[in-house]
Every structure is written in C-alpha cells, then in structure tokens.
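Remember, it's a predicted structure, so these values are computed and weren't measured experimentally. Quick note: numbers below take in every heavy atom, side chains included, and nothing from hydrogens, waters or symmetry partners.
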Amino acid sequence: MNIDDAVEAPVLGPVVCAALGMEARAVRRGLTRTPVVVVGYRARRAGRLPDACAAFVTVGFGGALDERLRPGDVLVADEIRGTGPDAAATPCSAPRLLAAELIRDGLSVQTGPLVTTDHVVRGEERALWAARGARAADMESAVVAARAGGLPVAAVRVIVDGPGHPLWHPGMIGRGLAGRRVLARIGPALERWSVLLVRGEEDSGDRSATPRMP
C-alpha cells in the first residue's frame with residue numbers, strides 16, 4: 001500500500017495517520033505491515049480513513065508547550081484535547097505501554113495531554129495551554145479522534161519547536177531534519193504496541209511501564 005492511499009476496507013491492525021507526506025515517508029521506514037494514510041494539514045482529508053481498524057495512531061511533528069520537552073523528544077499523548085467550549089478530551093489507548101516500547105528503542109519519551117488547535121501555537125499562547133496542563137500541540141489529532149467514532153486512538157508527536165526554539169527560525173531546518181530521523185525510528189515500537197493492544201494486554205502494560213528519560 002502506498003502511503004498516500006485511502007484505506008476503504010476494514011483493517012485488522014492499527015492505521016497510522018500523518019498530516020504531511022514527509023512525515024508519512026519517515027515513519028513508514030520503520031513499519032512492516034501497518035498502513036500509513038496522509039490525512040493532510042489539519043486532517044482535512046480524514047475522510048480517507050477506514051471505518052474499521054484496531055486503532056488510529058496520529059504521528060508527526062509537534063510543538064512543546066513547556067521547557068520540559070525539548071526538540072527531539074517524543075510525546076506520547078495520554079489524552080487528546082480539542083479547543084472548542086464543548087470539546088471533551090479523548091483518552092488514548094495504553095499510552096504508557098506505547099511509551100515504554102519507544103523507550104526500549106532508545107528514544108527520549110514523555111507522556112501527557114496533547115491539544116489540537118487550528119493554528120500554530122507560539123509565544124504567550126504556549127504558556128496559556130501549558131497552564132491548563134497540556135504538554136504539546138498539533139493540528140490533527142483531535143480531528144482524527146473525532147473521526148474514530150469510539151475506536152481506540154493514540155498520538156505520538158516528535159517535538160521540533162517550543163519555548164526557546166521558535167518555529168520560524170533558521171535553526172528549524174536542523175530541528176526538522178533531526179525530527180524526521182526520530183520519526184523514522186518509531187515504527188517498530190508502534191507495531192509491538194499494536195500487537196499487545198490487539199491481545200488485550202494494555203492494562204498490564206500500563207501498570208508496569210513508567211516512561212522515563214533514557
């Protein structure tokens with residue numbers, strides 16, 4: 001399956017969702033059997049996702065909201081938040097288990113809430129969301145979670161900007177390239193996690209796995 005293909009038939013395992021083709025190509029390098037669908041900027045093409053699968057996993061770059069997350073770190077969301085007044089947070093499936101699998105592969109991983117906005121978060125707005133407990137921001141995950149309709153969801157974001165590391169800065173080129181290398185390493189952990197998820201081992205994994213910095 002090409003990374004840009006829509007998936008119409010039911011899928012037994014998870015489906016990885018990426019906003020950009022660049023993100024999709026990077027994560028696809030580490031996957032052996034998991035389809036990757038490009039859902040577009042702000043997930044405007046989320047309708048290309050299948051109606052049935054084991055889980056939707058949004059993957060790509062994200063912006064840190066506090067200084068604890070630095071470029072190159074990975075945030076595994078434990079919940080996905082929208083920004084609307086009536087938007088309810090969506091709990092993520094087995095986030096600690098997923099974080100533990102990524103840590104096994106030598107990545108620097110933290111868990112916490114992810115907020116989805118319709119614009120790039122910068123400046124003082126970062127502090128506003130951080131004060132509400134969010135750790136990072138993206139522009140797709142809440143849209144995909146709404147599309148999931150009750151199916152399990154997960155979100156993995158590689159940090160490329162944040163406090164002290166603005167998006168619109170010459171250093172962003174290097175951070176983007178480094179982030180792409182990190183994305184290329186997360187595939188094996190995703191597939192190990194998906195096997196455990198399908199087997200129903202998420203509860204035991206959440207109890208035993210404590211994310212930490214390598």
Side-chain angles (χ1 to χ4, degrees), residues 1-62 74-82 88-102 105 107 109 111 114-116 136 138-158 179-180 182-202 205-206:
M1 177 179 295
N2 295 327
I3 59 172
D4 204 34
D5 286 345
V7 180
E8 298 179 355
V11 177
L12 294 178
V15 172
V16 170
C17 317
L20 305 176
M22 175 182 67
E23 295 168 323
R25 287 189 293 273
V27 70
R28 190 68 183 87
R29 294 176 188 171
L31 298 170
T32 61
R33 60 184 179 272
T34 304
V36 182
V37 177
V38 176
V39 295
Y41 182 67
R42 298 180 186 168
R44 290 171 174 165
R45 292 185 283 171
R48 313 171 84 206
L49 295 169
D51 293 328
C53 63
F56 289 124
V57 185
T58 62
V59 171
F61 300 137
V74 178
L75 179 82
V76 174
D78 56 17
E79 67 176 24
I80 299 168
R81 302 176 179 178
T90 301
C92 294
S93 295
R96 291 184 178 274
L97 180 60
L98 178 52
E101 292 301 323
L102 291 164
D105 289 343
L107 297 176
V109 183
T111 61
L114 174 72
V115 63
T116 296
D138 75 353
M139 292 190 286
E140 292 81 30
S141 292
V143 180
V144 171
R147 172 70 174 78
L151 291 171
V153 295
V156 180
R157 291 290 160 178
V158 176
R180 188 170 63 179
V182 175
L183 278 177
R185 296 176 58 192
I186 70 175
L190 282 177
E191 293 195 328
R192 295 195 304 269
W193 168 83
S194 71
V195 170
L196 297 173
L197 187 70
V198 170
R199 289 177 179 171
E201 298 181 24
E202 57 183 286
D206 273 4

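- When atom types are taken as modelled, the side chain of Arg180 and the backbone of Met22 share no donor-acceptor pair closer than 3.5 angstrom.
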Step by step, would you call Glu23 with Leu183 a side chain to side chain contact (heavy atoms under 4.5 Å, CB included)?
CA-CA 7 Å; Glu23 295 168 323; Leu183 278 177; 4.1 Å; yes
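- Between Ala155 and Leu114, the shortest heavy-atom contact is CB-CD2, 3.7 Å.
- Here the CG-CG distance, from Asp78 to Leu98, works out to 11.5 Å after rounding to the nearest 0.5 Å.
- In this structure, Arg192 contributes its side chain and Glu101 its backbone to a donor-acceptor pair below 3.5 Å.
- Here the straight-line distance linking atom CD of Glu140 with atom CD1 of Ile80 works out to 11.0 Å at 0.5 Å rounding.
- A distance of 11.0 Å separates OG1 in Thr111 from CD in Glu79, rounded to the nearest 0.5 Å.
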Determine whether Val156 and Val27 satisfy the following criterion, side chain to side chain contact (heavy atoms under 4.5 Å, CB included), listing intermediate values before the conclusion.
CA-CA 11 Å; Val156 180; Val27 70; over 6 Å; no
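- Between Asp138 and Phe61, the shortest heavy-atom contact is CB-O, 4.5 Å.
- Heavy atoms only, all atoms of each residue included: Arg147 and Ala46 are closest at NE-O, 3.4 Å.
- A distance of 12.5 Å separates CG of Leu196 from CD of Glu191, quoted to the nearest 0.5 Å.
- Heavy atoms only, all atoms of each residue included: Cys53 and Val15 are closest at CB-CG2, 4.0 Å.
- Here the CG-SG distance, from Leu97 to Cys92, works out to 13.0 Å after rounding to the nearest 0.5 Å.
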Verdict with reasoning, Val57 to Thr34, per side chain to side chain contact (heavy atoms under 4.5 Å, CB included):
CA-CA 10 Å; Val57 185; Thr34 304; over 6 Å; no
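- Residues Arg48 and Val38 form a side-chain contact, since some pair of their non-hydrogen atoms from C-beta on lies under 4.5 Å apart.
- Here the shortest heavy-atom pairing between Leu197 and Ala94 reads CD1-CB, 4.4 Å.
- Ser194 and Pro14 make their closest contact through CB-CG, 3.4 Å (heavy atoms, listed as atom of the first residue, atom of the second, distance).
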With side chain to side chain contact (heavy atoms under 4.5 Å, CB included) as the criterion, how do Val76 and Leu102 come out once you've worked through the C-alpha distance, each side chain's angles and the decisive distance to 0.1 Å?
CA-CA 9 Å; Val76 174; Leu102 291 164; 3.5 Å; yes
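- Ser93 has its side chain out of reach of Phe56: every pair of non-hydrogen atoms, C-beta onward, lies at least 4.5 Å apart.
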